[in-house]
Amino acid sequence: MKFTQPRLPYSIDALQPVISPTTIDYHYGKHEKAYIDNLNTLIEGTEYEDMALEKIICESDGKIFNNASQAWNHIFYFFQFSPNGLKDPAGALHDKIVETFGSVDEFKKKFEEAGATLFGSGWVWLSADDKGDLYITQGKDAENPMTKGLRPILVFDVWEHAYYLDYQNRRAEYLHKLWDIVDWGIVSSRYE
Ligand code: MN
């Protein structure tokens, strides 16, 4: 099975000024496409050839893991944004965020801190365990919490390629601005 890159559900200029069309062109159009192309080449003729992407992530390592996880992580990242989505967490996710972190603002602050303090390249994740308990975790490089049995709910990309064209070295500012385009309708439905 060949993996294909899904079309983004918004136009290339829809997320500005938070994410510019140039960044989307490079980040989704080139970086993400390369992970998918590499993965397709690497799995050809292997036991992973007909496996679901999530299963490859949980069962592989090395180059195949890196490309599979990066392919999945970027789709998860880009598909949680919208220029006119729900502005606050809803339903069960809202209640659990308040219960766990004290308030939505406190949660956002902790999430931004985790992203700002991750050394090098990686991702900051909000995930849930089997009981619905929430965790903020830092993932190095291509890490994905599903390999530890957690269900991803929200992710911010803190690789430099995610923000350098628009924010240069100002990673904290990039993280803070991302809240303006997070569609909490999509993110809350991942927790249901
Ligand atoms: Mn990226």
Side-chain angles (χ1 to χ4, degrees), residues 3-43 53-54 56-58 60-83 85 108 111-127 135-148 150-183 186-187 190:
F3 292 105
T4 54
Q5 188 178 31
R7 266 183 73 99
L8 290 176
Y10 43 77
S11 66
I12 195 165
D13 58 358
L15 304 182
Q16 57 184 351
V18 180
I19 301 178
S20 69
T22 310
T23 289
I24 293 183
D25 185 33
Y26 275 89
H27 194 188
Y28 195 74
K30 295 183 170 62
H31 287 278
E32 163 67 349
K33 184 177 183 302
Y35 292 125
I36 293 175
D37 291 346
N38 290 341
L39 177 65
N40 283 331
T41 304
L42 288 165
I43 61 176
L53 188 52
E54 290 82 358
I56 298 177
I57 292 169
C58 291
S60 66
D61 55 22
K63 278 185 195 170
I64 291 182
F65 169 78
N66 285 338
N67 284 281
S69 196
Q70 286 294 82
W72 191 97
N73 294 357
H74 283 94
I75 293 166
F76 199 70
Y77 170 79
F78 277 103
F79 278 70
Q80 71 196 349
F81 298 136
S82 160
K108 287 181 177 175
F111 198 78
E112 286 176 43
E113 272 169 19
T117 57
L118 188 152
F119 187 78
S121 297
W123 303 82
V124 54
W125 295 93
L126 176 70
S127 311
Y135 303 90
I136 295 173
T137 56
Q138 297 173 324
K140 287 284 289 173
D141 300 331
E143 274 179 29
N144 184 305
M146 74 171 75
T147 63
K148 299 182 182 82
L150 295 171
R151 181 160 49 111
I153 306 292
L154 171 76
V155 71
F156 285 179
D157 187 341
V158 293
W159 284 59
E160 283 188 347
H161 67 220
Y163 60 88
Y164 220 82
L165 291 172
D166 298 333
Y167 299 88
Q168 292 77 51
N169 61 332
R170 303 188 306 279
R171 187 196 281 186
E173 185 185 335
Y174 150 78
L175 291 167
H176 189 67
K177 291 265 180 67
L178 282 182
W179 299 120
D180 291 347
I181 52 168
V182 167
D183 185 338
I186 294 168
V187 174
R190 291 169 173 171

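Everything quoted here is computed from the prediction, not taken from an experiment. Order of listing sets the numbers, starting from 1, for every ligand and every atom in it. All values below were derived from every heavy atom in this structure, side-chain atoms included, with hydrogens, water molecules and symmetry-related copies excluded.
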### Message
Does either side chain, that of Asn144 or that of Asn73, offer a donor lying less than 3.5 Å from an acceptor on the other one?
### Response
yes
### Task
Check Tyr174 against Ala162 and note the closest heavy-atom contact, atom names and distance.
OH-CB, 3.6 Å
### Task
Report yes or no: is the cationic atom of Lys108 (NZ for Lys, CZ for Arg) closer than 6.0 Å to the six-membered ring centre of Phe111, at no more than 45° off its axis?
no
### Task
Using 2.8 Å as a strict upper limit, say whether an N, O or S atom of Glu32 approaches the Mn ion (ligand 1) that closely.
no
### Task
Would you mind naming the N, O or S atom of Asp157 nearest to the Mn ion (ligand 1)?
OD2
### Summary
The atom of His74 among N, O or S that is nearest the Mn ion (ligand 1) is NE2
### Query
Between the Mn ion (ligand 1) and His31, is there an N, O or S atom separated by less than 2.8 Å?
no
### Residues Trp125 and Glu143: side-chain donor-acceptor under 3.5 angstrom
no
